[in-house]
A.B. asks: 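Supplied in structure tokens, the structure appears directly below.
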Amino acid sequence: MATPRKPPSAVSRRAFLAAAAGAPLALPGAGRALGRVPVGRGQGGTEASPPGAAGGVLRPPSTLDPWLEVDPAALRRNAAEVSRLAGGRPVLAVVKNDAYGLGLRTVGPVLDRVPEIAGLAVVKTAEAIALREAGVRKPVLLMGRTEGMEAEELARRDVLFAPYADDDGARLTRVAARLDREVGIHLYLDTGMGRLGMPFRRALRWMEGLASRDGLEIAGTFTALTEEDDFDPVQLERFRSLAAEARGRGLDLGRLHAASSHALFHRDLRDAGFDMVRPGLVLYGAYPAGARGMDRAVLRPALRLRARVVRVARLEPGDGVSYGRRYVAERPTWIATLPVGHADGYPRTAVEGCEVVIGGRAYPVIGAVSASHTIVELGAERTVEPGATATLVGPDHDAVHPNEVAERAGVSVYDVLMHLSARLPRVVSPDR
Ligand SMILES: *Cc1c(COP(=O)(O)O)cnc(C)c1O
């Protein structure tokens with residue numbers, strides 16, 4: 001059962017040094033100077049310096065706090081793979097909600113430099129601005145609502161709007177006039193999602209109205225699919241026929257787009273691909289739920305949730321672990337405590353069957369995931385020492401793949417990524 005291993009002291013020392021080399025040094029959110037993010041593959045490995053270095057906000061190298069590693073090489077590879085899957089169509093990369101938890105300031109500039117990526121899309125105004133402040137130069141689409149001074153600020157920064165309301169044309173025309181510049185838009189059509197977008201039944205005249213306005217340039221037209229297998233084709237047909245009718249009347253709709261990650265795996269892109277695809281999840285290396293033919297694309301998780309062991313202890317029969325004593329040892333066993341918990345974004349339900357990888361081996365989570373701590377069972381042997389680096393989510397072992405964590409914890413894979421705490425320090429992995 002116990003695998004042969006190096007003496008514990010040697011293991012822990014190596015783990016300690018390795019962790020120290022990649023130790024997080026920065027406060028979360030303090031993005032590094034984006035101009036310095038590596039441009040292409042094959043750049044030197046010195047890009048592992050911590051985010052925030054350029055922000056001037058350094059904290060002492062407290063290497064025992066959990067952190068999140070972002071892997072730029074994986075992001076680039078996934079983008080290329082997604083583009084291939086999309087038949088070479090341009091990719092509008094969705095980086096909403098802090099780039100699905102990975103960190104907008106790290107991810108934005110990396111994706112900005114990927115040739116297959118035509119632009120970036122967010123839902124919140126602050127994120128559109130953050131992308132520009134991070135140095136992103138490609139088109140940025142705001143797929144959410146904005147008003148007043150914010151709209152002007154966004155237009156000044158060349159952010160594209162996604163109008164869907166009756167008065168959006170007039171509003172955005174005023175913005176264009178005040179700034180004396182053209183405002184770019186992607187028409188947002190509701191073909192059955194019932195969330196945002198101009199309802200398709202009365203969209204045609206609205207589209208004509210927008211097209212006739214001075215100061216507005218239609219760069220794209222899009223819709224969001226419900227990802228319900230029987231209904232997506234209905235939506236796609238509504239979208240297609242509306243676009244055909246508008247184009248028949250001479251409207252320039254720019255690029256049409258509808259496909260998110262789900263459509264890339266579940267739909268025939270001859271029907272759903274249009275002129276551009278608009279995925280988020282797959283870029284970060286996770287598969288949409290129920291993805292058919294995962295072998296259609298090889299994605300690599302671009303993140304690692306990591307922490308270091310802060311305590312190793314031996315339980316005697318009858319000893320319990322964590323709140324509620326939901327785990328009680330039946331025989332002598334070793335446990336290790338990690339200072340990372342559900343407040344950091346690791347699912348509470350990880351205790352239902354998730355494992356954590358330490359030194360290449362997977363260990364089950366036991367007891368309870370509390371706000372700031374997770375406990376794993378090592379077994380009969382003391383295989384781990386304090387200081388060892390653990391991976392709770394990441395590409396290095398099947399047990400911690402985001403899709404596997406989601407499956408075992410009984411949560412959506414979107415939650416595994418997007419619930420990662422914004423307070424976790426983000427570290428850029430060494431670039432390859
Ligand atoms: C989030 C979002 C996407 C991307 O969805 P994924 O499932 O992550 O690929 C695309 N379009 C809209 C409108 C979205 O809100």
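Remember, it's 1-based here, ligands and their atoms both numbered in the order they're listed. Atom set for the values below is all heavy atoms of this structure, side chains included, hydrogens, waters and symmetry mates excluded.
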A.B. asks: Closest non-hydrogen protein atom to atom 9 (O) of ligand 1, residue and atom name please, with distance?
C.D. replies: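 Going atom by atom, the protein heavy atom closest to atom 9 (O) of ligand 1 ends up being Ser261 OG, 2.5 Å.
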A.B. asks: Starting from atom 11 (N) of ligand 1, find the nearest protein heavy-atom neighbour and note its residue, name and distance.
C.D. replies: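 Checking every protein heavy atom, the shortest distance to atom 11 (N) of ligand 1 gives Arg278 NE, 2.9 Å.
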A.B. asks: Taking only residues two or more places apart in sequence, or in another chain, which ones meet Arg89 in a side chain to side chain contact (heavy atoms under 4.5 Å, CB included)?
C.D. replies: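 With sequence neighbours excluded, Arg89 shows a side chain to side chain contact (heavy atoms under 4.5 Å, CB included) to Ala86, Leu269, Val277, given in chain and number order.
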A.B. asks: Go through ligand 1 atom by atom and flag the ones less than 4.0 Å from a non-hydrogen atom of Gly280.
C.D. replies: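 What qualifies from ligand 1 is 4 (C), 6 (P), 8 (O), 9 (O).
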A.B. asks: Considering only heavy atoms of Pro279, which atoms of ligand 1 have at least one such atom less than 4.0 Å away?
C.D. replies: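 It comes down to these atoms of ligand 1: 9 (O).
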A.B. asks: Using a strict threshold of under 4.0 Å (side-chain N to carboxylate O), is an ion pair present between Glu208 and Arg205?
C.D. replies: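 No salt bridge links Arg205 with Glu208.
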A.B. asks: With a heavy-atom distance limit of 4.0 Å, tell me whether His262 approaches ligand 1 through its side chain, its backbone, both, or neither.
C.D. replies: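 Neither; nothing of His262 gets under 4.0 Å from ligand 1.
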A.B. asks: Does Arg84 come within less than 4.0 Å of Glu116, counting only side-chain N to carboxylate O?
C.D. replies: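 No, no charged N to carboxylate O under 4.0 Å.
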A.B. asks: Give the numbers and elements of all ligand 1 atoms closer than 4.0 Å to a heavy atom of Tyr188.
C.D. replies: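 Matching atoms, with element in brackets: 13 (C).
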A.B. asks: Could you find the nearest protein heavy atom to atom 1 (C) of ligand 1 and give me its residue, atom name and distance?
C.D. replies: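 Scanning the protein heavy atoms, the shortest distance from atom 1 (C) of ligand 1 goes to Lys96 NZ, 1.4 Å.
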A.B. asks: May I ask you to list the atoms of ligand 1 that are less than 4.0 angstrom from any heavy atom of Arg195?
C.D. replies: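 Near Arg195, meaning under 4.0 Å from one of its heavy atoms, ligand 1 has 13 (C), 15 (O).
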A.B. asks: Applying the side chain to side chain contact (heavy atoms under 4.5 Å, CB included) test to His262, which of Thr226, Leu225, Asp229 qualifies?
C.D. replies: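 Exactly one candidate clears the test, Asp229.
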A.B. asks: Using a 4.0 Å cutoff against the non-hydrogen atoms of Tyr414, which atoms of ligand 1 qualify?
C.D. replies: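 Answer for ligand 1: 6 (P), 7 (O), 8 (O).
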A.B. asks: Quick one: which ligand 1 atoms are inside 4.0 Å of a heavy atom on Tyr100?
C.D. replies: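 Here the atoms of ligand 1 in question are 1 (C), 4 (C), 5 (O), 6 (P), 8 (O).
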A.B. asks: Check Met143 against ligand 1 and report side chain, backbone, both or neither, counting heavy atoms closer than 4.0 Å.
C.D. replies: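 The part of Met143 near ligand 1 is the side chain, not the backbone.
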A.B. asks: Tell me, yes or no, whether the heavy-atom count around Tyr323 atom OH, taken from other residues, nucleotides or ligands under 6.0 Å, exceeds 12.
C.D. replies: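 Incorrect, the count does not exceed 12.
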A.B. asks: Under a 4.0 Å N-O cut-off, is there an ion pair linking Arg181 with Asp158?
C.D. replies: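 Salt bridge present between Arg181 and Asp158.
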A.B. asks: Run the salt-bridge test on Arg202 and Asp166 with the 4.0 Å N-O cut-off and return the result as yes or no.
C.D. replies: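 Judged by the 4.0 Å cut-off on N to carboxylate O distance, Arg202 and Asp166 do form a salt bridge.
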A.B. asks: May I ask whether Phe265 places a heavy atom under 4.0 Å from ligand 1?
C.D. replies: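 No, that is not the case, since the closest heavy atom of the residue is not under 4.0 Å from the ligand.
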A.B. asks: Whether the Glu227 and Ser260 side chains hold a donor-acceptor pair (N or O, under 3.5 Å, no angle test) is what I'd like checked.
C.D. replies: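 Yes - a donor-acceptor pair under 3.5 Å links their side chains.
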A.B. asks: Check each atom of ligand 1 against the heavy atoms of Leu281 and keep those under 4.0 Å away; list them by number with element.
C.D. replies: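 Close to Leu281: 6 (P), 8 (O), 9 (O).
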A.B. asks: Any salt bridge linking Arg157 with Glu133? Criterion: basic side-chain nitrogen under 4.0 Å from a carboxylate oxygen.
C.D. replies: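 A salt bridge is present here (some side-chain N lies under 4.0 Å from a carboxylate O).
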